Engineer: 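Here you go, one structure.
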Amino acid sequence: MTTPETTPAHDISTDPQTEPAAVAPFSTHLPAFTRVVESTTNWDAPSPCEGWSAADVLDHVIDSQRDFLAERVGPVGERPTGSPVLRWQEHHDRVAALVTEAARATTFEGYLGPTSVAEALDLFYSMDLLVHRWDIARADGRAEAFTDAELDQIEAAARVGGAALRMEGICKAPVPIAQEAPRQHQVLAFLGRDPR
């Protein structure tokens with residue numbers, strides 16, 4: 001039996017720039033993430049994020065959004081408690097109330113230069129929702145497919161993030177993968193995840 005030839009994952013950060021229209025608003029990614037959260041049954045299962053369970057991944061998503069919104073928008077209230085689903089529902093409702101059009105227009109000096117709450121949410125926090133949606137589903141033993149538009153959005157965020165993607169606690173080194181692997185597998189491998 002032969003093994004497919006593997007190479008380093010395609011470096012999507014060097015691809016030509018994606019048109020801005022490929023980046024959908026943060027709010028458009030919440031329903032699919034919520035669907036995965038509500039259908040997850042094994043929150044203690046290990047996730048593709050080394051050392052993290054499915055519940056840990058969800059808590060990371062909640063905490064990173066809370067930290068960002070508290071710093072850039074305003075008070076976010078007490079951290080949600082209860083089951084993972086209840087924590088997400090409570091957090092989701094607070095985010096919906098906080099992220100108004102006025103809040104989205106707020107500008108600040110970001111890690112990569114001047115930006116706005118809208119740009120940060122739509123690019124980087126949307127990427128978090130997309131990739132961690134896959135992480136949670138995979139931990140629960142389920143497949144989770146991205147649309148071409150979602151893959152465009154992940155790739156756009158990866159290009160803007162550049163070398164910062166490899167900072168401690170973000171993405172591990174790319175995973176070698178078969179040259180003929182589907183696009184979703186190539187993207188996940190670039191982000192340090194083994195999609196097989």
Side-chain angles (χ1 to χ4, degrees), residues 3-15 23-24 26 28-68 80 83-85 87-88 91-92 121 123-196:
T3 303
E5 181 182 355
T6 60
T7 61
H10 173 65
D11 186 353
I12 60 179
S13 67
T14 61
D15 287 344
V23 178
F26 170 81
T28 64
H29 302 292
L30 290 167
F33 189 88
T34 298
R35 168 183 53 78
V36 167
V37 169
E38 291 178 344
S39 59
T40 296
T41 58
N42 188 0
W43 285 103
D44 294 326
S47 79
C49 302
E50 187 177 354
W52 284 7
S53 67
D56 293 331
V57 174
L58 177 65
D59 287 339
H60 159 74
V61 171
I62 291 172
D63 290 340
S64 61
Q65 290 180 10
R66 282 174 55 82
D67 290 347
F68 173 73
S83 71
V85 173
R87 292 200 299 275
W88 174 250
H91 172 73
H92 177 284
L121 286 174
L123 200 61
F124 299 112
Y125 290 88
S126 286
M127 179 185 181
D128 239 20
L129 287 174
L130 290 165
V131 177
H132 290 317
R133 184 182 97 201
W134 184 86
D135 290 331
I136 292 171
R138 173 54 66 94
D140 201 42
R142 291 175 288 124
E144 181 66 19
F146 296 124
T147 65
D148 285 338
E150 289 172 337
L151 290 169
D152 288 345
Q153 182 134 359
I154 294 169
E155 291 181 350
R159 276 191 291 275
V160 174
L165 278 179
R166 307 301 169 194
M167 291 173 61
E168 182 69 27
I170 301 182
C171 289
K172 295 175 65 177
V175 173
I177 193 165
Q179 294 176 350
E180 68 277 11
R183 182 186 179 197
Q184 174 165 320
H185 288 197
Q186 293 282 354
V187 170
L188 289 167
F190 178 75
L191 298 176
R193 289 155 168 83
D194 188 344
R196 293 160 294 189

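Basis for what follows: all heavy atoms, side chains included, without hydrogens, waters or symmetry-related copies. Note that the structure is predicted; figures quoted are calculated from it, not measured.
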Engineer: Measure from the side-chain N and O atoms of Gln184 to the backbone N and O of Glu144, and report whether any donor-acceptor pair falls under 3.5 Å.
Structural biologist: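 Side chain of Gln184 to backbone of Glu144: a pair is present.
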Engineer: Looking only at non-hydrogen atoms, find the nearest pair between Ala181 and His185 and report the distance.
Structural biologist: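 For Ala181 versus His185, the nearest heavy atoms are CB-CB, 4.0 Å.
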Engineer: Any donor-acceptor pair under 3.5 Å linking the side chain of Glu155 with the backbone of Val187?
Structural biologist: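 Checked: no pair found.
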Engineer: Please determine whether a side-chain nitrogen of the Lys or Arg among Arg183 and Asp152 lies less than 4.0 Å from a carboxylate oxygen of the Asp or Glu.
Structural biologist: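 Judged by the 4.0 Å cut-off on N to carboxylate O distance, Arg183 and Asp152 do form a salt bridge.
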Engineer: Evaluate the criterion side chain to side chain contact (heavy atoms under 4.5 Å, CB included) for residue pair Arg138 and Leu188; output intermediate values, then yes/no.
Structural biologist: CA-CA 12 Å; Arg138 173 54 66 94; Leu188 289 167; over 6 Å; no
Engineer: Identify the two heavy atoms, one from Arg66 and one from Pro80, that lie closest to each other, and give their separation to 0.1 Å.
Structural biologist: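 Looks like NH1-CD, 3.9 Å.
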Engineer: Do Trp52 and Asp59 come within less than 4.5 Å of each other through their side chains, counting heavy atoms only?
Structural biologist: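 No, their side chains stay 4.5 Å or more apart.
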Engineer: If you compare all heavy atoms of Met127 against all heavy atoms of Ala158, which two are closest, and at what distance to 0.1 Å?
Structural biologist: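 Minimum heavy-atom separation between Met127 and Ala158: SD-N, 4.4 Å.
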Engineer: For residues Val160 and Phe124, report the shortest heavy-atom separation together with the two atoms involved.
Structural biologist: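 Taking every non-hydrogen atom into account, CG1-CZ, 3.5 Å.
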Engineer: Looking only at non-hydrogen atoms, find the nearest pair between Ala45 and Ala139 and report the distance.
Structural biologist: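 Here Ala45 and Ala139 meet closest at CB-O, 3.2 Å.
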Engineer: Within the 4.5 Å heavy-atom criterion, are Pro195 and Gln186 side-chain neighbours or not?
Structural biologist: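 Not touching, per the 4.5 Å side-chain cut-off.
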Engineer: Side chain to side chain contact (heavy atoms under 4.5 Å, CB included) between Leu191 and Ile154: does it pass, once the steps are laid out?
Structural biologist: CA-CA 10 Å; Leu191 298 176; Ile154 294 169; 3.7 Å; yes
Engineer: Please examine the side chains of Trp43 and Val37, heavy atoms only from C-beta on, and report whether any two atoms are closer than 4.5 Å.
Structural biologist: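 Contact flag for Val37/Trp43 side chains = yes.
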Engineer: Assign the ring pair Trp88 / His91 to parallel, tilted or perpendicular, where the plane angle (0 to 90°) is split at 30° and 60°.
Structural biologist: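 Tilted.
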Engineer: With no hydrogens and no angle check, is any side-chain donor or acceptor of Ser39 less than 3.5 Å from a backbone partner on Val36?
Structural biologist: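 Yes, the answer is positive, given that a donor and an acceptor are paired below the 3.5 Å cut-off.
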Engineer: Asp135 side chain to Pro48 main-chain N or O, any donor-acceptor pair under 3.5 Å?
Structural biologist: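 No.
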Engineer: With rounding to the nearest 0.5 angstrom, report the CD to CG distance, Gln153 to Leu129.
Structural biologist: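 Those atoms lie 9.5 Å apart.
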Engineer: Which pair of heavy atoms, one from Ser47 and one from Val57, lies closest together, and at what distance?
Structural biologist: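 Heavy-atom minimum between the residues: OG-CG2, 3.4 Å.
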Engineer: Just by modelled atom types, is the Asp140 backbone N or O under 3.5 Å from a matching donor or acceptor in the Asn42 side chain?
Structural biologist: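 A pair under 3.5 Å: no.
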Engineer: Looking at side-chain heavy atoms only, is the closest gap between Gln65 and Asp128 below 4.5 Å?
Structural biologist: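 SC-SC contact between Gln65 and Asp128 ruled out.
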Engineer: Give a yes-or-no answer on whether the side chains of Asp56 and Ser53 include a donor-acceptor pair shorter than 3.5 Å.
Structural biologist: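 Result is yes, a qualifying pair exists.
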Engineer: What distance do Leu123 atom CG and Phe26 atom CZ have between them, rounded to the nearest 0.5 Å?
Structural biologist: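 Going from CG on Leu123 over to CZ on Phe26, the span is 12.5 Å.
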Engineer: Could you check whether the rings of His60 and His132 sit parallel, tilted or perpendicular, using 30° and 60° as the cut-offs?
Structural biologist: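 Rings of His60 and His132: perpendicular, over 60°.
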Engineer: For the pair Arg133 (side chain) and Arg35 (backbone), establish whether a donor and an acceptor sit closer than 3.5 Å, ignoring hydrogens and angles.
Structural biologist: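 Not a single qualifying donor-acceptor pair exists.
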